[in-house]
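Let me begin by presenting the structure, written as structure tokens, before commenting on it.
Read the numbers this way: they start at 1 and go in the same order the structure lists the ligands and their atoms. None of the values given here were measured: they were computed from a predicted structure. In what follows, every heavy atom counts, from backbone to side chain, and hydrogens, waters and symmetry copies are set aside. Note that the numbering runs from 1 along the sequence shown for the chain.
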Amino acid sequence: MDSKNSEFTDEEKQLIQDQFQDLLQSARMSQSPEDKAIITKAFDLANRAHANMRRKSGEPYILHPIAVAKIATTEIGLGTKSIAAALLHDVVEDTDFTVEDIKLQFGDKIANIVDGLTKIAGVFDGQTNLQAENFKKIIMTMADDLRVIFIKLADRLHNMRTLDSMPPNKQLKIASETLFIYAPLAHRLGLYSIKTELEDLCLKYHHPFEYQRIASFIKASEQKRFTYINRFSLPITARLNAEKYTYEITGRPKSIYSIWHKMETKKVPLEEIYDLFAIRIIFDPDPNIPEKTQCWAIYSIITDLYTPRPDRIRDWISQPKSNGYEALHTTVMGPGGQWVEVQIRSRRMNEIAERGYAAHWKYKENTTTENELDKWIFEIRKMLEDPKTDAFDFLDEFKLNLFASEITVFTPKGESVTLPAKSTVLDFAFEIHSQVGYHAYGAKVNHKLVSLNQELNAGDQIEILTSEKQQPEPEWIDYVTTAKARNTIKSFFKDQRKNAATEGKLHLEWLLEQSKMQISSNIFRKLYNHFNTRNKDELYFKLGSQKITVDEFKNIMETRSRSKWMRFWGISRSKTNATQKFDKSKPLVVDDDTQGYQIATCCNPIPGDDVIGYRIADDELIIHSTSCPYAIKLSSSDSANVVKVEWTSHKLMAYLGRIKVKGIYSADAINKVSKAVTSQLDVNLRAMNIDCHDGIFEGTIDVYVHNNEFLTQIIKDLQKIKGISHVTRDMLDDKAETKIEM
Ligand code: MN
């Protein structure tokens with residue numbers, strides 16, 4: 001609505017009415033006169049409140065709440081109250097109406113949801129420095145009423161769909177937040193299609209070129225895929241028809257984001273990704289036979305026809321995922337020697353897969369998965385109730401909880417325990433009971449003795465060995481992955497730390513007195529930098545356990561250097577209201593003459609890569625890759641300091657990149673590798689390390705180049721060498737100068 005508000009034209013008024021009628025009709029679960037009346041009343045109020053207001057794109061503002069309400073009902077499956085709340089979601093935020101007004105007209109429930117949504121709005125206005133605090137608020141509201149977060153997701157989805165009308169730096173910021181919290185949240189709540197669309201849209205703004213490339217690749221291979229799917233399905237449909245199943249078979253391409261993710265993590269070129277699609281069989285179950293039995297019957301038909309890969313069966317019907325997902329997945333060898341993933345779902349399972357938790361309300365009889373979700377929300381609530389967790393920690397732990405994919409393990413008595421994948425023996429111990437955790441010294445996994453940091457596999461049976469004498473040790477924090485175990489261990493040490501912290505505080509007071517200084521935020525900032533700490537508690541603890549001399553203290557006060565930690569996280573503590581040298585509304589164009597920027601050592605992007613800038617001081621930027629996890633976290637938690645950056649051609653400055661090679665060892669191969677690198681003009685070799693073992697060699701090549709095209713060229717040249725099996729770009733791990741004049 002920042003753009004000029006002006007009276008709506010007759011056409012626009014008609015459009016609003018049409019869109020609303022369309023919403024009314026598509027709300028299939030709200031067709032009774034009473035329901036329609038509530039929705040219409042909410043629309044009338046919203047329409048009046050947003051009268052003559054416009055979105056950035058220039059269209060009438062009210063079209064946004066209508067669209068959000070439509071997503072809420074058609075894509076999430078929410079009911080009347082939620083539709084009303086969605087229509088009203090921006091009313092309190094943007095107009096003179098209050099929550100009280102809504103309560104009077106619509107009652108407590110709808111008013112509470114709108115109130116929750118209003119608290120969430122304004123979170124990402126860029127004014128707030130510590131957005132992490134606000135994330136915490138979002139989650140808090142969510143724990144009260146899930147509908148708030150469902151509508152928020154619908155709101156976010158519509159904003160992402162219409163992101164084109166926003167300025168570039170806002171686009172990046174909104175996309176980062178979406179990737180950081182909303183997409184994982186949608187995933188956790190089982191809203192699979194929304195999660196996928198959000199991720200795809202993020203990719204579109206973070207890596208526009210790659211997005212377009214993959215999208216057109218999928219489009220170009222459509223016909224081929226279609227033919228293959230037909231060929232693959234034909235024998236299956238024959239058998240399913242013969243056995244009188246009602247079903248549909250679809251061959252869906254995988255999402256652009258998931259393909260991109262696979263390319264990035266597995267380092268495979270697009271052309272070599274074969275499983276671009278999965279076959280889905282959705283059947284209408286025979287009510288007289290359990291769904292599970294029918295799933296396995298179909299599985300058996302498929303594996304009669306095609307050979308399954310034994311390690312690729314995923315049975316989420318016996319034990320649904322904690323986000324409610326149920327299905328039977330298998331991967332079989334299809335025609336032409338291609339692996340094909342087949343997903344078998346009943347109609348009900350399919351609806352749950354698409355709509356997640358919301359769909360469970362429709363299928364009330366299935367309670368197990370609801371319990372799983374309730375359990376999760378219960379955990380989150382507990383995390384929230386701990387007043388000592390600071391917002392950053394909370395965010396980290398919440399994220400841990402979001403991403404976890406689960407394994408099921410067993411107690412000696414055979415009771416099943418669900419844990420996030422990669423959980424350890426110690427996680428299991430704390431899951432059983434905090435006292436078991438505190439006193440654990442080892443375990444027997446499947447009757448074999450193992451240590452506490454042993455990673456668990458699905459199906460393991462674990463017996464924890466305890467001793468009264470055992471106590472938590474500091475390194476335990478690295479052994480565990482679950483939020484529960486981490487929090488329990490942390491709170492154990494918190495008490496111990498308290499004493500040290502009190503001493504540290506006294507020590508600082510003494511230092512200040514000795515050096516005749518007054519306490520100021522500047523002093524704290526320098527100490528945070530020096531000790532690599534983030535807050536006073538941590539600082540006092542460090543000062544308490546490693547006391548420093550007055551001279552050392554004075555030295556610290558005189559240095560200006562920034563710690564690595566400050567670069568990544570602590571920046572929100574630098575002044576933000578100072579005059580900005582970098583104009584955030586315009587992309588910063590980096591050329592050979594640009595001063596005051598550094599290349600992030602976490603992701604070391606080079607010219608040509610998609611990047612963002614993170615402002616650490618008025619005249620200093622760190623350039624991160626847009627897909628760098630740190631950068632994503634920064635743009636979601638401290639977006640006020642994020643600047644869009646564009647590279648121009650560099651002729652003077654050169655940047656350090658690393659290439660990783662693998663292959664079969666021969667003197668000739670190594671020779672050719674070094675030749676491929678050194679024969680390139682305008683490429684400066686910094687280091688080359690080759691390791692050989694058992695006839696295989698592995699190596700890294702560090703080169704200074706002007707932009708990523710040079711790197712791509714070297715990679716292409718290396719790939720042509722006989723005996724080379726793997727060439728990829730890689731991360732740097734040392735502290736080399738990442739940018740030189742060349
Ligand atoms: Mn909105």
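- At the Mn ion (ligand 1), the vertex angle linking NE2 of His89 with OD1 of Asp155 is 90° (nearest 10 degrees).
- Between the side chain of His187 and the main chain of Pro184, no donor-acceptor pair closer than 3.5 Å is present.
- Minimum-distance N/O/S atom of Asp90 relative to the Mn ion (ligand 1): OD2.
- When atom types are taken as modelled, the side chain of Arg54 and the backbone of Glu7 share a donor-acceptor pair closer than 3.5 angstrom.
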Show your working on side chain to side chain contact (heavy atoms under 4.5 Å, CB included) between Thr196 and Tyr257 and close with a plain yes or no. CA-CA 8 Å; Thr196 307; Tyr257 182 84; over 6 Å; no
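- For His64, the nearest N, O or S atom to the Mn ion (ligand 1) falls under 2.8 Å.
- Arg161 has a carboxylate O that lies under 4.0 Å from a charged side-chain N of Glu75, or vice versa, which qualifies the two as a salt bridge.
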